[in-house]
Amino acid sequence: MLSQGKSTQEIADDLFLSFLTVQTHRRNILQKYKMKNVAELIAFLLKNNMLN
């Protein structure tokens with residue numbers, strides 16, 4: 001959903017989660033992969049064929 005350009009609120013609405021839950025998951029993913037922002041994460045995923 002991030003690669004589709006959806007906002008945190010749009011993702012939360014689509015998945016029936018709270019805004020803060022989605023924000024926390026996003027932050028944890030970025031920390032896990034040591035990325036600074038979503039654009040850097042998406043570039044990494046594309047380079048490694050991990051994005052469908």
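Expressed to the nearest 0.5 Å, how far CD1 of I11 lies from NE2 of H25 amounts to 11.0 Å. In this structure, K34 NZ and E40 CD are separated by 12.5 Å, a value rounded to the nearest 0.5 Å. Expressed to the nearest 0.5 Å, how far OG of S3 lies from CG of L41 amounts to 9.5 Å.
Taking 4.5 Å as the limit, some side-chain heavy atom of M1 sits within range of a side-chain heavy atom of L15.
Judged by distance alone, the side chains of T21 and T24 never bring a donor and an acceptor atom under 3.5 Å apart.
Residue N37 comes nearest to L30 through the heavy atom pair O-CD2, 3.5 Å, listed as atom of the first residue, atom of the second, then distance.
For D14, the salt bridge (Lys or Arg N to Asp or Glu O under 4.0 Å) criterion is met by K6, not counting sequence neighbours. For Q23, there are no side-chain hydrogen bond (donor to acceptor under 3.5 Å, both in side chains) partners two or more places apart in sequence or in a different chain.
Placement of I29 and V38 within a single hydrophobic cluster is found when ILVMFWY residues are connected by side-chain heavy-atom separations under 4.5 Å, directly or transitively. Cluster annotation: L46 is connected to M50 through the hydrophobic network of ILVMFWY side chains, with a link wherever side-chain heavy atoms come within less than 4.5 Å.
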